[in-house]
Amino acid sequence: MSMQHLETEFRKQGKDNLADIIASVHKLNGSDIPFPAVVTPVEKPAVKTPEIQAIKLYPEISLTEEWSRQAQNLARLFAKELKFKIPEEYIATLPKFEPQPKDWKGRLDAPVIVETRISPSRQAELAGIQYALDGLNKTDWNQNLKGYITPTAPYAAWLDDGRNHMNEKVEDVRSNLESDEIAGTDFDGIALHIPNPRILKHHFLDLPGTAVGSDCAVFLDLWGGRPKLSYDFVGHAGPGFGSVVRGRQK
């Protein structure tokens, strides 16, 4: 276990004061410090997961209003990066939300606009997300699905933001995908975080659609109070983590 993992465990247990101390020591040291495997956080009785408190999101507002809100957020971050002269030109290139299929309700309920024309590492930089994946062998796991083509243009999607796959191993989520589901990628995780960064106060995001090497996958959590993209073993079920899944039309 390292200082990063210890801070993450403390935050999951609601021990923000201890997590802040660990983060401060890590900052002063300048690098992560491994601990012996026997050192583990003190157990704490389970507490009720807090409800996400954020500005109004769909379905509190209409799907049209939610699309406009997300499009404007993306324009503020990415329009200049993609050389658009004005935000409106960028927004005009974004796809609209399709109505949610009836059999997705209660399963794939989060509409998001996903930008793919900018690399995840650069998107993370522009969105204030720490990126711990540089130089790693990162691939799209969903390429293994028959007939699947990775989008190269922005797409609008309906996601399960992880609530329905809490505390499950990534490898199990991958094995149990429905025929109309795709494992969520690092692009999807960033797209979820940008319009609703408070989601990470509710739970962290496993992103099973983006593999690192042969036995790891990307996740998005908080480190030092800031969002961070990193990776972990697909056979590890982190408490407080939920796997993101994206819907696709059959």
Side-chain angles (χ1 to χ4, degrees), residues 4-5 7-20 22-23 44 46-78 94 97 100 106-115 120 123-132 156-168 184-210 218-230 232 238-247:
Q4 176 177 351
H5 284 90
E7 185 202 354
T8 298
E9 291 300 322
F10 279 142
R11 292 198 187 281
K12 292 174 186 174
Q13 298 174 17
K15 298 179 179 179
D16 289 338
N17 57 335
L18 294 177
D20 290 340
I22 294 296
K44 180 180 178 180
V47 296
K48 183 179 179 180
T49 302
E51 294 295 327
I52 296 176
Q53 299 297 322
I55 60 177
K56 288 187 176 182
L57 307 171
Y58 173 85
E60 294 181 37
I61 62 177
S62 72
L63 197 58
T64 300
E65 290 174 308
E66 176 63 8
W67 183 89
S68 178
R69 188 181 74 85
Q70 291 193 26
Q72 291 175 37
N73 284 339
L74 293 177
R76 282 190 287 269
L77 289 173
F78 303 143
L94 298 175
F97 291 138
Q100 182 186 26
R107 180 164 58 98
L108 300 158
D109 291 322
V112 293
I113 307 170
V114 185
E115 176 60 78
Q123 286 193 40
E125 181 180 1
L126 293 170
I129 300 171
Q130 302 176 78
Y131 191 80
W158 288 89
L159 305 180
D160 167 4
D161 67 5
R163 298 168 194 253
N164 295 321
H165 296 286
M166 293 296 298
N167 308 321
E168 295 182 22
T185 68
D186 47 4
F187 281 119
D188 296 325
I190 294 171
L192 272 170
H193 179 266
I194 288 173
N196 187 19
R198 295 185 187 181
I199 191 173
L200 297 181
K201 296 292 186 179
H202 183 270
H203 64 275
F204 299 149
L205 309 179
D206 276 324
L207 302 168
T210 301
V218 173
F219 66 78
L220 178 61
D221 72 348
L222 291 175
W223 167 240
R226 289 181 55 201
K228 181 176 182 178
L229 280 165
S230 190
D232 197 4
F241 281 76
S243 283
V244 175
V245 172
R246 172 162 38 103

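We count residues from 1, following the sequence as given. The structure presented is a predicted model; accordingly, all values stated were derived computationally and were not measured.
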- Query: Sequence neighbours excluded, which residues qualify as side-chain hydrogen bond (donor to acceptor under 3.5 Å, both in side chains) partners of D186?
  - Reply: K138, T210
- Task: Take I113 and F97 through the side chain to side chain contact (heavy atoms under 4.5 Å, CB included) test and state the conclusion after the steps.
- Result: CA-CA 8 Å; I113 307 170; F97 291 138; 3.8 Å; yes
- Gap separating the CG atom of L77 from the CD atom of Q72, nearest 0.5 angstrom: 12.5 Å
- Query: Could you give the distance from CG (L200) to NE2 (H193), rounded to the nearest 0.5 Å?
  - Reply: 5.0 Å
- Message: To the nearest 0.5 Å, what is the distance between OG on S243 and CG on N167?
- Response: 10.0 Å
- Grab the two heavy atoms, one from P227 and one from L220, that are nearest each other, plus how far apart they are. CB-CD1, 4.2 Å
- Query: Which pair of heavy atoms, one from W158 and one from D109, lies closest together, and at what distance?
  - Reply: CZ3-O, 3.6 Å
- Message: Could you report the tightest heavy-atom contact between L57 and P195, atom names first, then the distance?
- Response: CD2-O, 4.0 Å
- Message: Tell me whether D206 contacts the main-chain N or O of F241 through its side chain, where contact means a donor paired with an acceptor under 3.5 Å.
- Response: no
- Provide the closest heavy-atom pair for I194 versus P197 in the form atom of the first, atom of the second, distance. O-CD, 3.7 Å
- Query: Are the side chain of Q100 and the backbone of L108 linked by a donor-acceptor contact shorter than 3.5 Å?
  - Reply: yes
- Just jot down the side-chain contact (heavy atoms from CB on, under 4.5 Å) partners of A157, sequence neighbours excluded, or say none. V112, Y155, L159, R246
- Task: Using the test side-chain contact (heavy atoms from CB on, under 4.5 Å), find all partners of L126 that sit at least two apart in sequence or belong to another chain.
- Result: F78, E81, R122
- With sequence neighbours excluded, what pairs up with E65 under the side-chain hydrogen bond (donor to acceptor under 3.5 Å, both in side chains) test? S62
- Task: Could you please spell out the steps behind the side chain to side chain contact (heavy atoms under 4.5 Å, CB included) verdict for H202 and R163?
- Result: CA-CA 9 Å; H202 183 270; R163 298 168 194 253; 4.2 Å; yes
- Sequence neighbours left out, what passes side-chain hydrogen bond (donor to acceptor under 3.5 Å, both in side chains) with E168? Give chain and number order. H165
- Answer yes or no: is there a donor N or O on one side and an acceptor on the other, between the side chain of Q123 and the main chain of I190, under 3.5 Å? no
- Closest non-hydrogen atom pair between K228 and A132, with its separation: CE-CB, 3.5 Å
- Keeping the roles fixed (side chain from H203, backbone from D161), state whether a donor-acceptor pair exists under 3.5 Å. yes
- How long is the span from the CH2 atom in W223 to the CG atom in L229, to the nearest 0.5 Å? 15.5 Å
- For Q70, enumerate each residue passing the side-chain hydrogen bond (donor to acceptor under 3.5 Å, both in side chains) test, keeping only those at least two apart in sequence or located in another chain. E66
- Message: To check you understand the geometry: which heavy-atom pair defines the closest contact between V114 and A191, and what is its length?
- Response: CG2-CB, 3.8 Å
